Amino acid sequence: MQLFSVDQQRSQALESHAASFAQFKVPGNENPSILISFATKSFNAGQIVSKLHIIELGAQPGKPSFSKKQADLFFPPDFQDDFPVAMQISHKYSLIYVITKLGLLFVYDLETATAVYRNRISPDPIFLTSEASSAGGFYAINRRGQVLLATVNEATIVPFVSGQLNNLELAVNLAKRGNLPGAENLVVQRFQELFAQTKYKEAAELAAESPQGILRTPDTVAKFQSVPVQAGQTPPLLQYFGTLLTKGKLNAFESLELSRLVVNQNKKNLLENWLAEDKLECSEELGDLVKTVDNDLALKIYIKARATPKVVAAFAERREFDKILIYSKQVGYSPDYLFLLQTILRTDPQGAVNFALMMSQMEGGCPVDYNTITDLFLQRNLIREATAFLLDVLKPNLPEHAFLQTKVLEINLVTFPNVADAILANGMFSHYDRPRIAQLCEKAGLYVRALQHYSELPDIKRVIVNTHAIEPQSLVEFFGTLSREWALECMKDLLLVNLRGNLQIIVQVTKEYCEQLGVEACIKLFEQFKSYEGLYFFLGSYLSSSEDPDIHFKYIEAAAKTGQIKEVERVTRESNFYDAEKTKNFLMEAKLPDARPLINVCDRFGFVPDLTHYLYTNNMLRYIEGYVQKVNPGNAPLVVGQLLDDECPEDFIKGLILSVRSLLPVEPLVDECEKRNRLRLLTQFLEHLVSEGSQDVHVHNALGKIIIESNNNPEHFLTTNPYYDSRVVGKYCEKRDPTLAVVAYRRGQCDDELINVTNKNSLFKLQARYVVERMDGDLWEKVLNPENEYRRHLIDQVVSTALPESKSPEQVSAAVKAFMTADLPHELIELLEKIVLQNSAFSGNFNLQNLLILTAIKADPSRVMDYINRLDNFDGPAVGEVAVEAQLYEEAFSIFKKFNLNVQAVNVLLDNIRSIDRAVEFAFRVEEDAVWSQVAKAQLREGLVSDAIESFIRADDATHFLDVIRASEDANVYPDLVRYLLMVRQKVKEPKVDSELIYAYAKIDRLGEIEEFILMPNVANLQNVGDRLFDEELYEAAKIIFAFISNWAKLAVTLVRLKQFQGAVDAARKANSAKTWKEVCFACVHAEEFRLAQICGLNVIVQVDDLEEVSEYYQNRGCFNELISLMESGLGLERAHMGIFTELGVLYARYRPEKLMEHIKLFSTRLNIPKLIRACDEQQHWKELTYLYIQYDEFDNAATTVMNHSPEAWDHMQFKDIIVKVASVELYYKAVHFYLQEHPDLINDLLNVLALRVDHTRVVDIMRKAGHLRLVKPYMVAVQSNNVSAVNEALNEIYVEEEDYDRLRESIDLHDNFDQIGLAQKIEKHELLEMRRVAAYIYKKAGRWKQSIALSKKDNHYRDAMETASQSGERELAEELLVYFIEQGKKECFASCLFVCYDLIRADVALELAWINNMIDFAFPYLLQFIREYTGKVDELIKDKIEAQKEVKAKEQEEKEVIAQQNMYAQLLPLALPAPPMPGMGGPTMGGGFAPPPPPMGGMGMPPMPPYGIPPMGSSY
């Protein structure tokens, strides 16, 4: 263990097992010292010495230090190997707890290192502890997972130390440090000794530190007071108090006595200091004492002492009423709040409001009713204060406050309407009487509030017409609260009353709530009153959010009828939702002076012809010009077309067209004129555009059509004009002149149109020339398509005219390519022979020669050889490959030979013609290495390995050595392979070559050359070669290789194959590999070389994975003794592991059982117990199996094994240890059966062990069924404290049989869980008297009073009978017993029964029986007691009656005061609420106030009668 100092950054080694830190205050040093306690265990002179050390760390200079302490740790003889594992220090008691591994606990005093206690707290090892600071002990966890809490017994530790240890000083110190009981006598005795010796300071210190304050009593104070004061010395009483102040806090009596001294000396500052330092215990008496000198200080003391009435009185004297509530809440005190509120109200109304609000916020609710508080304010006419209070307390808006909400609104509507309006505006109330408030609001002129509160339509209609007095915005907002039907009804009334004046409000309402009211309903409302102005304003606000065509149309209609032409123009221009047809018709019918709205509609929705016709017929030509020129020039063609249909003069139309000029779209204009056959009308317009430089295709198309139509030199136009559309103009020319169409189509390369027109008109020559000149593959493909019925005509014209005329190679090439693509080989050959072979300009063309030969290969192979011989300028390699693909092998051979391509030529001979002889002949002729190489590869493929090797040597080719090696191995021609590999080694350095060469030497048994070769420089992979030789059983060669490369593992295996075992062992030793050792070992075992096998086996069994395999190998061959010898030798190995010990145990179990138990006991910690358990179970070694189960904590299996195989495995002490640790409860009862059958004499010992674990009822049932219940009587006596029914009944049964009535009565008294009535009935007729008394006793306990008394009377046990009658509580039984005693003449029993049954016997019955039977003297003591008791009861009743009368009078007086207060409030309330004046009537105006009410009627405390039969405020609540 290491001790490290953080301050010094140094460490120190401690030879200890456990340690802990603590703080301890040394006398004379105010700062605590840091201590360390640690336990050591060492060897000294051959003996084990255990010590506990306590030393101080970092002693404080100049201050008293802690002296080092040490003590011995005494371990019992059975725990000599035990050692401390943990140490905890209790700061509460200053005790050291030392815990050892085996569960021992040592307790030492921290200050003196004195041993206090030692005991074993756990049978299992403890490995972890932690301090339990609150309990002053520690927690511990043992091996079984149990959590233990250990601490001292506060009630017994001090007596234990003083009595058992006889250490009085330690006992006193413990009691003082831990405030523990048990040392009272010692402390008191010591105090008296010190006092007698006049050592007052020491006595004061002892009293201050006395445990549980046993000396801090008034007697001690009186004792110090009685000491006379010596002159010049501090009085002993002050010394006592001074010592107490330095040690801590004074108790209540001490504080009072010390304060009395200080007050008498007028040293108030000392009291303040002591209270600030919390040195005094405050009490009410102390506060009363201090109040004579300082009220503030007394208040503090009262608060600390929780003298609540005194605190409240003090706050009331200081007028700090708010603090009363706070303090009362804190301490849970309830003062007279109503009295306090009345008191504050007299002097400070606002303060009263604050106090009332504070009361309302108290937890648990306001202690005074809100209505009562309000009445107090109103009785003094404090309307504003009452309102402020109610507004604050009614903020939660609760249903139960409905009365108060109505009340505050009524008060302010009568007195301050503006305040009521503000309250209603805040919306803070929702539970008041709304109809009542609505009437008051209407009378007060608050029409908006009245509308908000009325819930009937007639009331709302009556109020809502007062629009002159209602703010419009508020009225609009009110409409939002109405239903749809009510809102429409109110709007109709407003329009009926004043259409013009209320129209703006109605429009605003419909705008705001159109979705709720319905747009259709709003429109119908305006239409009902024919108010287009309202409709216009309403729809104007709704239009932007609506997509309804009808709404947009109605808005346009309303705007038109109200003269809003600009708005009509805007909507028709911007809106996308109106019905265009309907709107167009309406505007045409309306005939507005401004045509722009109609122009917008027609322009946007395609009614331009209708617009033009309307404007032309209504002579509004300027709008036509304006529309075409400014609005939409793009629609000018439609306008022109309609004007032409309306037979408008051409001059107007021409002028209109020219006014637009370039803005006019030409194409639709031409279409409109062309449809009407008026195209010439545009001549001037088109020429004007061309003169201005227009390049518009439509302009030139139209001009071309006019020129073609007029036949004004159209060819010139078609060939020179670059702007027209050839397709459009050509189409126009087809029916007029096809040649002109061809010209137009040629100019625009309109292939499809040109082909169609030439086919249609049989112009194939023009078509052929065009196709050849175009050189377009797609066009060729189209015209040469087999489905083209005119293809033959075209081909004839191409061959006869177009190509002969062409001088362009590109055109010829394109045509030839097109013929090839179209798959016309015969036509193509004919064409090419004509071009290439007839000395034309293209005779020597390289491409054409290639094409001719390739075409012949494809179409006519018989001509190919002739072409090869006649032509020279063609691509030989490419054509040759094509010939090969076409299977013209001789032609291909001729081509390759003609172009000196010898490799390709020999490949044709080898691959295609398949003639190796011709290839060899050809190779001898050309003598090229590449040719010989090809021949060699072919020979190799054909299996002519020797010939191939010869050819490779001639070609000097070393590139295919892998194939040659593979083929040579297959053909087994290793001599030839050696020659070839020697040649290859001269060219390449490949590991494969060298490796194969070694292998070839081995195959032909040339081992000497192998040794020479591997000594020479080489790149062979010797490892792979050696493995290969080994695999093919060439062991001698492999031995050479492995020895050379030092592969000892392989060498060892090879030597094993050669039966050289000693050498194999030597090689394995050098290899030092588990696998090698194992192989050699197995080989030696197989050869019965056991000495060598053991050498190898010792190196194998240290490997866990190989151990089992070795064992099985030995056992399978019956080598049991040799295997056991091997395993026993392995035990002493340094690397011996659990598997060796376990395997040896298994072998002992199988073959040497006499050694098994010794082996298990010696090496139980190094065994694989589950595996050995299985082996012992298989071999039926039950004793050893039981031991193993115990070691493995398998106690259930251990117990089962012992019981199943008891002759060999049972041992009583061992079985007791096992059975208490089993997990299965059933094993307990199985063990009981087992002992009952085999060891009945020991069954009580077993049951005592199992007493805390078994079901006692079940055990009793087992023994009862077995008929041996008395056998377990000691066990049942021991467990009877559990009060189990079966145990109690069994023992009671035994006691009855044994006639042991004392034990039976004791059992009945202590344990009541049994069939009491059954037992009583069983023994009530017993021949033994005491047994019958027990029966009576049982009846009494069971409440069978009559049976018990009858049984007692029968046996003359009168005392038992009287006691039973008294305990029964039944008067009849007691009186019957009296009668019985009289009948029997038992006068003394009569007198005794009167006292025993005093509470049950009626006095008249007792006196009557005594008088009749002349026993007055025996009844007189009872009579005296009865009279005295009843006299006392009468006195108590009289006293209670007087107090009740006083309470009734006080209650009546309180009720009178409450009624008087209510009458005072009723006189202050206003009477009838006047209605506001109507316009035109006399009286004050709306701002002038109300007329005073008539004087109230009534008096003599009666409430006033209201006028007009209206109930006053408050009467409806």
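This structure is a prediction, so every number in the text was calculated from the model and none was measured.
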[atom2] on [Y] to [atom1] on [X], rounded to 0.5 Å:
X	Y	atom1	atom2	answer
I54	I96	CD1	CD1	3.5 Å
L1144	E1128	CG	CD	5.5 Å
L73	Q70	CG	CD	10.5 Å
D124	Q146	CG	CD	6.5 Å
I1124	S1129	CD1	OG	11.5 Å
K1230	I1219	NZ	CD1	10.0 Å

Looking only at side chains, do [X] and [Y] share a donor and an acceptor under 3.5 Å apart?
X	Y	answer
N1116	Y1114	no
S1224	D1196	no
S1206	E1238	yes
D1106	Q1103	no
R1152	N1121	yes

Under 30°, 30 to 60°, or over 60°: which ring-plane class applies to [X] and [Y], parallel, tilted or perpendicular?
X	Y	value
W1210	Y1235	perpendicular
Y1151	F1120	parallel
F1234	H1239	perpendicular

Determine whether [X] and [Y] make a side-chain contact, defined as any pair of heavy atoms from C-beta on separated by less than 4.5 Å.
X	Y	result
L1246	Y1228	no
I1243	L1236	yes
P1240	H1268	no
I89	L95	no
L102	P123	no
L1107	E1112	no
F83	T100	no
K1273	N1244	no

Are any side-chain N or O atoms of [X] and backbone N or O atoms of [Y], one a donor and one an acceptor, separated by less than 3.5 Å?
X	Y	value
R1258	D1261	no
R120	S122	yes
H1137	I1101	yes
N1018	M1016	yes
T1186	W1182	yes
R1166	I1140	no
N142	R144	yes
N1204	T1200	yes

>> If the threshold is 4.0 Å, N to carboxylate O, is there a salt bridge linking R1069 and D1066?
In response: yes
> Less than 4.0 Å between a side-chain N and a carboxylate O, is that true for K1161 and E1184?
Replying inline: no
Where is the tightest heavy-atom contact between [X] and [Y], given as atom of each residue plus distance?
X	Y	result
I126	G103	CD1-CA, 4.0 Å
P1153	H1181	CB-CE1, 3.5 Å
T1142	N1168	OG1-N, 2.7 Å
V1249	R1253	O-NH1, 3.7 Å
A18	M87	O-CE, 3.7 Å
L1156	G1145	CD1-O, 3.5 Å

> When you look at E1109 and Y1113, which way does the side chain to side chain contact (heavy atoms under 4.5 Å, CB included) test go after all the steps?
Replying inline: CA-CA 6 Å; E1109 185 179 357; Y1113 193 87; 5.7 Å; no
> Who are the salt bridge (Lys or Arg N to Asp or Glu O under 4.0 Å) partners of E1009, not counting sequence neighbours?
Replying inline: R1006
> Going through the distances and angles, do L3 and S11 end up as a side chain to side chain contact (heavy atoms under 4.5 Å, CB included)?
Replying inline: CA-CA 5 Å; L3 178 65; S11 63; over 6 Å; no
>> As a quick check of understanding, evaluate side chain to side chain contact (heavy atoms under 4.5 Å, CB included) for L149 and F138, giving each step before the final call.
In response: CA-CA 6 Å; L149 170 62; F138 64 91; over 6 Å; no
In terms of heavy-atom contacts, does [atom1] of [X] have more than 12 from other residues, nucleotides or ligands at under 6.0 Å?
X	atom1	value
Y139	OH	no
K1216	NZ	yes
E1108	CD	no
E1154	CD	yes

> Would L1126 and V1110 count as a side chain to side chain contact (heavy atoms under 4.5 Å, CB included) if you check the C-alpha gap in whole Å, the side-chain angles of each, and the deciding distance to 0.1 Å?
Replying inline: CA-CA 10 Å; L1126 172 62; V1110 172; 4.2 Å; yes
>> Centre-to-centre under 6.0 Å for H1233 and Y1229, is that the case here?
In response: no
> For F75, is the NZ or CZ atom of K41 found under 6.0 angstrom from the centre of its six-membered ring and inside 45 degrees of the ring axis?
Replying inline: yes
> Do we get R1150 above Y1148's six-membered ring, with its NZ or CZ under 6.0 Å from the centre and within 45° of the axis?
Replying inline: no
